[in-house]
2 protein chains.
Amino acid sequence: MDQHLIVFMKVAQLKNFSRAAEELHMSQPAVSQYIQALERELGVKLLERTNKYVEVNKAGKIVYQYGKSILREYEQMQTLVSDLQNEPAGELRIGASYTIGEYLLPSFLALLQKDYSAIIPSVSIGNTEDIGSKLVSHDIDIGLVEGTFTHKQVISVPFQIDRLYIISSIGKSLLKKRITPEVLAAETWIIREEGSGTRKVVEEFFEKHHISPNRLITLGSTQTIKEGVEAGLGISLLSELTIQKEIELDRIRRLEFAGTPIQRAFYVMKNHHEFYPKALQVFENLVRRSQNSD
Amino acid sequence: MDQHLIVFMKVAQLKNFSRAAEELHMSQPAVSQYIQALERELGVKLLERTNKYVEVNKAGKIVYQYGKSILREYEQMQTLVSDLQNEPAGELRIGASYTIGEYLLPSFLALLQKDYSAIIPSVSIGNTEDIGSKLVSHDIDIGLVEGTFTHKQVISVPFQIDRLYIISSIGKSLLKKRITPEVLAAETWIIREEGSGTRKVVEEFFEKHHISPNRLITLGSTQTIKEGVEAGLGISLLSELTIQKEIELDRIRRLEFAGTPIQRAFYVMKNHHEFYPKALQVFENLVRRSQNSD
DNA sequence: ATTAATTATAATATTTACTTATTGTTCTTA
DNA sequence: TAAGAACAATAAGTAAATATTATAATTAAT
């Protein structure tokens, strides 16, 4: 593939000729020459350079944008052609929400590794929005998330049902009461931060049962929330995935309440696009076979 | 840009190494070497070749499809970069219906030529469907047609109102009568072939006024139809654009009939896409300024 | 001013690309 | 079935491009 574009892209990303040369295993003058050749060919300067800063200019921005797309297409072409002869292989860029990334993805990756060691997965964690927009900009190949994302380029398919339970520490007097909305509203709730899929479920739950809790504590991770619940700090609503071990060890108990468990779907999100290499097929199948889905 | 892909594309199109070499102004062995190098790089054969046939195989099809897109993107990039510094320039591929292509486009091209001689237009003629699908496959940059085309990738904007009149030769006794649907149905009608925009208007006209003509003659071009009408062979319904000269020379007369002239819009169709170079802007503006539009 | 960090230039070496000449196929046709 | 035509592949040499090393030039920071 056209080396000029590759070199330009690297320089534009690193904003540094010498470092780009290193990464590309070539000498710095070679990089200078490539850039000069490309600028000559296009008849326009692409990089404003002093010895302190290298910056793409307006023309450089255009070339960078197109270059990204051109190189991506070339790579996709290589992958599809290689797929014709070889086992599924190559990079597979997965995006996942926190919950899925922490509790579900590890086993998926293990299965993938076992049967298809030539596939090299990488994982980005983010909320549904993040994953969706990374999909649109082709920064990941597939997403596993807790919500849907509306964009004409993206399709979402449910692959697993998740159940969320209200949990408390084992010491709470609450455990002996009959659980009513009023009882729940009287408790301290520990919930995830704004933007989290689990937070959203909790808010919908409150709304549905007309609960406005006395005290809300927001914590940034599921792990911390579980520790808070264990310590008797308050109660929470969490996915069964995240509390399995604590239940087994009897550190945390589920509360019986009509309307729980709350069910929600996990979704596979992917680009509505013609590019569908073996590696992606294999991973998607593995995910969708994981449990009673659809 | 990557010469390997360019050479491959040319060979795949021409199905012939030697002819590709000629067109690319290089020797035949050079072409052989490029193809071999590309096949080596991708690790797969792309062309099945005997000395009678050269054919792309499955892998070759993938490379051809991606190659087309990659080279197109590279060209678009070059055009946009050049637009930053230079006057509108480069190839501009226009698609037009027969009527527009014959009667309207020449003056557009003349205007374009006058002010922007660096733009090199090429014209493909076809019906709305043809033009629409050529737009989708990026074989043209803009279309001027008589109908709309529904595809998420394509947008249509009206740019001019067209009027169609019923015409007859000057000798017809018809000219002295009061024109009613019954009178029209009694005449011989000369109409365009199936698939033509004008044909469609005529059919709608018949339907609307419950006319089923005694005799229909289908002819393949507007020019031939006009000659038929002049010769008294029958009457027709044609765009004012096409009959201007014949009216002036009093070879053909318009019939007065309630519901004529029939109005329809001409549309600019373009790809709903980020690529919008100066040459395309200039041409579109010229077209849309051409008459009272929108 | 000196130094450090950086890109550009020059000269040279190496690799790749391209050419001509030739060979080896396969299909056609006489 | 032999000869010829049409074609791609190969070989060998040449031209062109792409690298490298060494060095210069520029700028910012100390």
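In what follows, every heavy atom counts, from backbone to side chain, and hydrogens, waters and symmetry copies are set aside. Residue numbering restarts at 1 for every chain, and letters A, B, ... go by the order of the sequence lines.
- With distances taken from any side-chain atom of A/Gln33 to the nucleotides D/dT10, D/dA8, D/dA19, the minimum falls on D/dA19.
- When rounded to the nearest whole Å, the span between CZ of B/Phe17 and C1' of C/dT23 equals 17 Å.
- Aromatic rings of A/His272 and A/His151 (six-membered ring for Trp) have centroids beyond the 6.0 Å cut-off, not under it.
- Residue B/Arg49 has no polar side-chain atom (N or O) positioned under 4.0 Å from OP1 or OP2 of C/dT26.
- Using a 4.0 Å cut-off, some side-chain N or O of A/Ser32 falls inside it from OP1 or OP2 of C/dA8.
- Regarding A/Leu24, its CG atom lies at a distance of 15 Å from the P atom of D/dT18, rounded to whole Å.
- Considering only the side chain of A/Tyr34, D/dA19 comes nearest among D/dA19, C/dT6, C/dT20.
- Across the protein-nucleic acid pair, A/Arg40 atom CZ and D/dT18 atom C1' stand 12 Å apart, rounded to whole Å.
- Across all their heavy atoms, A/Leu47 and A/Arg49 have their closest contact at O-NH1, 3.0 Å.
- Counting non-hydrogen atoms under 4.0 angstrom, B/Val31 reaches nothing in the nucleic acid.
- Candidate nucleotides D/dA8, C/dT6, D/dT21 were compared by shortest atom distance to the side chain of A/Ser27, and D/dT21 ranks first.
- A/Glu41 places its CD atom 13 Å from the P atom of D/dA17, with the value rounded to the nearest Å.
- The nucleotide whose nearest atom lies closest to any side-chain atom of B/Pro29 is, among D/dT20, C/dA8, D/dT10, D/dT10.
- Per the geometry, CG belonging to B/Asn16 stands 11 Å off P belonging to D/dA9, to the nearest Å.
- OP1 or OP2 of D/dT18 sits under 4.0 Å from a side-chain N or O of A/His4.
- Nucleotide C/dT7 holds its P atom 12 Å from the CD atom of A/Glu55, rounded to whole Å.
- Minimum interatomic distance between A/Leu92 and A/Leu112 (heavy atoms only, all atoms of both residues): CD2-CD2, 4.2 Å.
- Remark: B/Arg192 qualifies as a cation-pi partner of B/Tyr98 under the 6.0 Å distance and 45° angle criteria applied to the six-membered ring.
- When distances run from any side-chain atom of B/Val54 to the nucleotides C/dT6, D/dA8, D/dT20, the shortest one goes to D/dA8.
- Heavy atoms of B/Gln28 sit under 4.0 angstrom from at least one base atom.
- Among the protein residues, B/Ser18 comes within range of the sugar-phosphate backbone only, with heavy atoms under 4.0 Å from sugar or phosphate atoms but none that close to a base.
- Rounded to whole Å, atom C1' of D/dA8 lies 14 Å from atom CD of B/Glu48.
- Rounded to an integer number of Å, the gap from CD of B/Gln36 to P of C/dA17 is 13 Å.
- For the pair A/Lys270 and A/Tyr276, the cation-pi test (distance below 6.0 Å, angle within 45°) is passed.
- For D/dC7, one of the phosphate oxygens OP1 or OP2 lies less than 4.0 angstrom from a side-chain nitrogen or oxygen of B/Arg19.
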